[in-house]
Each structure stands twice: as C-alpha cells, then as structure tokens.
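Shown next, in structure tokens, is the structure this report addresses.
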Amino acid sequence: MALELTPIDRGLVLVISGPSGVGKSTLIAHLRGEVPDLGFSISSTTRAPRPGERDGVDYHFVDEARWAADAASGAFLEHARVYDHGYGTPRAPVEEAVAAGRSVLLDIDAQGAAQVRHTLPEARHVMIVPPDLETLRARLLSRGTESEATVARRMALAREQLEAAPAYDYVIVNGNLAAAEAQLVGVVLAERARPARQGRVLDRLLGAADR
Ligand code: ADP
Ligand code: 5GP
C-alpha cells in the first residue's frame, strides 16, 4: 500500500536509466505502488510493442515519419536513437507536471538523460546497474521478449549506458530485488525531504511561530 506522505510543493523530475533488462520497469512499478502521486512520462517509440504492452500506457507506438516530425518540431523534451529505434519524451506532459508541482518519472537512456541535464537542471538522475553482465544477459533472456540477435545487440550497448554512471546522482545495483526496490524508494523519499520542496509546511510553521 502507498505510504501516506505530506504533499510537497515542488514536484520531482526523476530520470531513471540503465541497460536494457536491468530491471527498470520492475523497479518503477514497485516505486509507483509505494509512493503516491508519481506520474510516468510515456515516451514515443518507433519500436514494435512487446506482448502485453499497450499503446498510450507503456509507450506511444509511432512510425518513423511521425517520430521524425515530432523531433524536428521540438515536441520532445529529449530524443535519441536507441537500438536502431527512435525514442522521445513528449515535452508538454513533463512541463505541465513541473508547472503544477507534480512529480514525474522518465525511463530514458543515457543520451536522453544528458539532454535533460541541460534542459531541466533541477531533475535528479538514477542509474540502475546489474551486479554483473552475466546476470544482465540472463534477465534479458528470461524476459523472453527478445530474439538471440536482439539480446546480443543490447548486451553490446549495455557498456555505453554503464559508462555514463558517474554523471548520475545515484547508482543502484539491482542484485537482490527487495534491496534495490528499497533503495529507489529511499532516493525518492530523500529527494522529497529537501527544504526547497517543503516551502508550504515551513511557511506555515514559521508563520505560526511569529504569532
Ligand atoms: P528493463 O525495464 O530495465 O528493460 P525489466 O524490468 O523488464 O528491465 O526486467 C527484465 C527481467 O528481469 C524481467 O523478467 C524481470 O522480472 C527480471 N528482474 C528484474 N529485476 C530483477 C532482480 N532483482 N532479480 C531477478 N530478476 C529481476
Ligand atoms: P525498451 O525498448 O527496452 O523499452 O527501451 C530501450 C531503451 O530506450 C531503454 O534504455 C530505455 O530507457 C530507453 N528509452 C525509453 N524511452 C525513451 C525516451 O523517451 N528517450 C530516450 N532517450 N530513451 C528512452
């Protein structure tokens, strides 16, 4: 059940990256079950849906022409080609969330995260890493959604993601699932506790103290 938390007055934009198959979707699903009011940015992608994925829920599944037009018109907050497909974060929902003080999660690759560091400097960045590369390969295979060739390609590109880890605010090793889940929840709870997000409560307390 979700924790009962005092609302914050400035939303958190949390970027979550990591090699394919490391467990990002699994950890994000758990996080959203624990912490209330965490929106998820639904990316556009040119890749085909996996079994069980729903258009408009997991991704907006679009064709190359649509993706290129959105990239050219500035409709994406960031965009990148990953594993030969186009991916992009629609700008408007993230900007609306920030303006309204709501928190939002972005599951994007390291190229996209680097763009967000420039366009949205207040965002926080978490990199999820596997305990070792054999575990990563086993998870990609166990998911059963990728061909052998796709798994090999994703393994080859895992290194590019991992090399970007020092630029992130947090690195979480997803070995034991319960431990990684707890760490990710911990990051969000710690970020919520920053004084910059607690203005209303502090104003109320200080106002009361003045009387
Ligand atoms: P990503 O979103 O990073 O591509 P997924 O969340 O789809 O990765 O996870 C890939 C596979 O690994 C899934 O089958 C998932 O159930 C499994 N998995 C995720 N985290 C762990 C973990 N800590 N231990 C064992 N299996 C895991
Ligand atoms: P998948 O195809 O396995 O869902 O995602 C492949 C990779 O693309 C992952 O590293 C994921 O984080 C990244 N990704 C998903 N959406 C976006 C996006 O909107 N922008 C960028 N830059 N990467 C994304």
Side-chain angles (χ1 to χ4, degrees), residues 13-33 39-62 66-67 70-71 75-94 104-120 123 125-147 150-151 153-165 167-168 172-184:
V13 176
L14 193 70
V15 170
I16 300 179
S17 302
S20 184
V22 75
K24 297 181 297 297
S25 311
T26 306
L27 290 170
I28 287 170
H30 174 267
L31 175 65
R32 296 187 72 199
F40 178 71
S41 160
I42 303 167
S43 296
S44 291
T45 182
T46 64
R47 83 153 163 76
R50 295 186 185 123
E53 282 184 333
R54 284 172 297 162
D55 188 32
V57 176
D58 301 287
Y59 279 104
H60 301 291
F61 295 100
V62 299
R66 176 64 201 269
W67 184 83
D70 284 349
F76 291 139
L77 180 69
E78 62 71 37
H79 63 279
R81 294 202 72 84
V82 190
Y83 315 119
D84 295 334
H85 293 292
Y87 290 84
T89 302
R91 181 186 295 277
V94 177
V104 55
L105 305 172
L106 273 60
D107 173 348
I108 63 175
D109 86 320
Q111 305 169 74
Q115 295 170 45
V116 173
R117 266 184 216 104
H118 288 283
T119 50
L120 224 55
H125 296 246
V126 182
M127 166 78 71
I128 313 293
V129 304
D132 51 69
L133 293 179
E134 264 322 298
T135 303
L136 181 63
R137 185 191 305 279
R139 284 193 196 150
L140 271 173
L141 287 168
S142 78
R143 193 163 64 186
T145 53
E146 259 82 28
S147 68
T150 313
V151 168
R153 175 132 176 74
R154 288 186 174 226
M155 285 302 294
L157 289 171
R159 196 180 174 84
E160 273 176 32
Q161 301 295 309
L162 297 174
E163 278 172 352
Y168 282 68
I172 295 178
V173 180
N174 184 18
N176 176 282
L177 181 59
E181 286 173 346
Q183 268 198 303
L184 185 58

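Bear in mind the structure is a predicted one, so any value in this text is a computation, not a measurement. No hydrogens, no waters, no symmetry mates; every other heavy atom, side chains included, goes into these values. In listed order, ligands and their atoms are each counted from 1.
- Ligand 2 is surrounded by Gly18, Ser20, Lys24, Ser43, Arg47, Arg50, Tyr59, Glu78, Ala80, Val82, Tyr83, Tyr87, Gly88, Thr89, Asp107, Ile108, Asp109, Gly112, Arg154, each with at least one heavy atom closer than 4.0 Å.
- Figure legend: cation-pi geometry between Arg81 and Tyr87 absent, as NZ or CZ is not positioned both under 6.0 Å from the six-membered ring centre and within 45° of its axis.
- Residues Glu53 and Arg47 are paired through a salt bridge, judged by an N-O separation under 4.0 Å between the basic side chain and the carboxylate.
- Using bins of under 30°, 30° to 60° and over 60° for the plane-to-plane angle, the ring pair Trp67/His79 lands in the perpendicular bin.
- Residues lining ligand 1 at a heavy-atom distance below 4.0 Å are given as Pro19, Ser20, Gly21, Val22, Gly23, Lys24, Ser25, Thr26, Arg139, Ser142, Arg143, Asn174, Gly175, Leu177, ordered by chain and residue number.
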Next on the checklist: Is there a side chain to side chain contact (heavy atoms under 4.5 Å, CB included) between Val126 and Leu184? Walk through the geometry before answering.
Outcome noted: CA-CA 8 Å; Val126 182; Leu184 185 58; 4.2 Å; yes

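- Taking Phe61 as the reference, Tyr59 meet the ring-ring contact (aromatic ring centres under 6.0 Å, His included) condition, with sequence neighbours excluded.
- Salt-bridge annotation for Arg50 and Asp58: absent, with no side-chain N of the basic residue lying under 4.0 Å from a carboxylate O of the acidic one.
- Summarising the geometry of Val22 relative to Asn174, their closest heavy-atom pair is O-ND2, 2.8 Å, with the distance given to 0.1 Å.
- Of the possible donor and acceptor atoms, one in the side chain of Gln161 sits under 3.5 Å from a partner among the backbone N and O of Ala110.
- Shown here are the salt bridge (Lys or Arg N to Asp or Glu O under 4.0 Å) partners of Asp70, two or more places apart in sequence or in another chain: Arg66.
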